[in-house]
Amino acid sequence: MAILNNTTLNNLRTTIRGEFNVAFKNANAGSMYKRLATTIPSSSKTNTYDWLGKFPQMREWVGSRVLKDMSESSYQIANKKYEATLGVDRTDIEDDNLGLYSTIARSMGQEANDFLDRKVAELLKNGFSSTCYDGQNFFDEEHPVYPNADGTGEADSVSNILKKTDADAGTPWFLLSLNRPLKPLIHQQRTGMELESLTDTKDESVFMEDKIRFGIRYRGNFGYGLWQQAVASKANLDAANFESAYKLMQSFKRDGGDPMGIVPTALVVPPELQSDAEKILKRTVLDNGAGNINYNKVELIVNPWLA
């Protein structure tokens, strides 16, 4: 039988923190959110992304520099706090039943990483109804693109939604460009995942509930980068629609009319569309015997959090 004292609690704290950190590090090495989002450090309550879509294009330097101001319409991502808390029964410590909590600590480390994966997947799922830097929904049919490089003139409405009929209501799939410094999704991090503990024997929770508390704390948030790096569709996922989405992204232009040069690199689908996606990207020969021009054209990412 273990006695609940400072030595016991220090051992418990060290064990749980160690197991948590190892499990989080292992899960984080292959995390989904890192593939889809750019992590941007934050040092304040809110980050402002005025420069999205307004970065000046290189030009020949003739005369004085041409200054391009940041957009007056600011896109901000405010940091939020998140938590998950575990109560360790004092009787388990007394009965030397700490092996159970090593497993739970590892599960908490896995959950900390899964949380980040889930939140980034939610960005894609909610992109049809959540705004990005230009004031439109991230996936929208009316993104404004202006005829002049300075953002003046009568804007054209450009869509990054592939629609075949107005009644498209199938399972959404996403074509993304992930090879640029800023990916289409943003993971804003104010603090890393922290495991905190209340292990003083005089703590109220020990006295009133007979529990030692351990909790995950995290500050950050999630948002959208350039809509031009993402095309979404609720139409059938087949070769013809995949090719249309691919060409749609390639057609996007910056203000002033110059091509942005964006090339799709990944097809992101939920598990229920995996077979349809593999028919497009993983077959070398089609049913009619012809070669498959889409074979490995982009990376296939099956995201379980999109289910």
Side-chain angles (χ1 to χ4, degrees), residues 32-33 36-38 40 46-55 70-80 117-147 151 153-178 180 182-188 220-237 241-242 244-255 260 262 264-270 273 301 303 305-307:
M32 184 68 68
Y33 81 92
L36 304 181
T38 297
I40 296 182
T46 302
N47 278 24
T48 301
Y49 297 86
D50 289 326
W51 48 272
L52 280 174
K54 297 297 181 183
F55 199 82
M70 287 188 180
S71 172
E72 293 181 0
S73 58
S74 62
Y75 176 58
Q76 296 183 333
I77 301 176
N79 292 312
K80 298 180 179 180
D117 284 346
R118 290 197 306 271
K119 296 300 288 186
V120 168
E122 286 177 9
L123 290 175
L124 289 176
K125 291 193 290 185
N126 298 336
F128 297 93
S129 57
S130 300
T131 56
C132 64
Y133 72 88
D134 64 1
Q136 300 298 119
N137 292 329
F138 184 65
F139 296 121
D140 200 276
E141 297 180 72
E142 297 181 343
H143 289 291
V145 177
Y146 293 89
E154 185 175 350
D156 290 329
S157 292
V158 177
S159 175
N160 65 337
I161 300 176
L162 178 72
K163 293 183 70 173
K164 289 302 181 180
T165 70
D166 290 337
D168 285 346
T171 302
W173 50 274
F174 310 91
L175 192 62
L176 306 181
S177 176
L178 303 176
R180 295 194 165 210
L182 182 68
K183 295 177 182 177
L185 306 176
I186 293 173
H187 162 228
Q188 181 174 290
N221 208 344
F222 308 83
Y224 299 101
L226 295 177
W227 60 263
Q228 296 92 336
Q229 291 179 253
V231 171
S233 182
K234 295 181 181 179
N236 291 334
L237 178 54
N241 288 341
F242 166 78
S244 295
Y246 195 97
K247 292 175 182 177
L248 177 60
M249 185 179 294
Q250 288 182 307
S251 71
F252 292 147
K253 297 179 181 180
R254 67 174 77 233
D255 290 345
M260 295 190 69
I262 296 176
T265 64
L267 176 62
V268 183
V269 301
L273 292 182
I301 300 178
N303 190 327
W305 306 113
L306 292 176

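Side-chain contact between Phe139 and Lys234: absent, with no pair of heavy atoms (C-beta onward) separated by less than 4.5 Å. In this structure, Val269 and Ile301 have side chains that are not in contact, with every pair of non-hydrogen atoms separated by 4.5 Å or more. Here the side chains of Phe128 and Asn137 are not in contact, with every heavy-atom distance at 4.5 Å or above.
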Item to check | Pair Phe174-Asn303, side-chain contact (heavy atoms from CB on, under 4.5 Å): steps then yes or no | outcome: CA-CA 11 Å; Phe174 310 91; Asn303 190 327; over 6 Å; no
Checklist entry - Checking side-chain contact (heavy atoms from CB on, under 4.5 Å) for the pair Ile262/Arg180: CA distance, chi angles, key distance, verdict? => result CA-CA 9 Å; Ile262 296 176; Arg180 295 194 165 210; 3.6 Å; yes
Next on the checklist: Pair Phe138, Asn126 - check side-chain contact (heavy atoms from CB on, under 4.5 Å), show working.
Outcome noted: CA-CA 9 Å; Phe138 184 65; Asn126 298 336; over 6 Å; no
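Distance OH/Tyr146 to CD/Glu154: 10.5 Å, rounded to 0.5 Å. Here the CD atom belonging to Gln188 is positioned 7.5 Å from the CD1 atom belonging to Ile40, to the nearest 0.5 angstrom. Taking CG from Leu182 and OG1 from Thr38, the interatomic distance works out to 4.5 Å, rounded to the nearest 0.5 Å. Put simply, CG on Leu178 and CG on Leu185 are 8.0 Å apart, with the number rounded to the nearest 0.5 Å. Rounded to the nearest 0.5 Å, atoms SG (Cys132) and CG (Asn160) are 7.5 Å apart.
Scanning all heavy atoms of the two residues, the minimum distance from Tyr246 to Pro264 falls at CD1-CG, 3.6 Å. Counting all heavy atoms, side chain and backbone alike, Leu273 lies closest to Thr171 at CD1-O, 3.6 Å. Pairing each heavy atom of Leu36 with each of Pro184, the nearest pair is O-CD, 4.3 Å. Across every non-hydrogen atom of Ala121 and Leu306, the tightest pair is O-CD2, 3.6 Å.
For residues 138-147, the set of pairs meeting the salt bridge (charged side-chain N to carboxylate O under 4.0 Å, His left out) definition, not counting sequence neighbours, comprises Glu141-Lys163.
Of the residues listed (Leu175, Val231, Leu162), the one engaging Ser244 in a side chain to side chain contact (heavy atoms under 4.5 Å, CB included) is Leu162, and it is the only one.
A donor-acceptor contact shorter than 3.5 Å links the side chain of Trp173 to the backbone of Ala235.
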Show every donor-acceptor pair shorter than 3.5 Å between a side-chain atom in residues 221-228 and any protein atom, with sequence neighbours excluded, or say none if there are none.
residue	atom	partner	partner atom	Å
Asn221	ND2	Ala78	O	2.5
Tyr224	OH	Leu123	O	2.6
Trp227	NE1	Tyr133	OH	3.2
Trp227	NE1	Asp134	OD2	3.4
Gln228	NE2	Tyr133	OH	3.3

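Taking Lys119 as the reference, Glu122 meet the side-chain hydrogen bond (donor to acceptor under 3.5 Å, both in side chains) condition, with sequence neighbours excluded.
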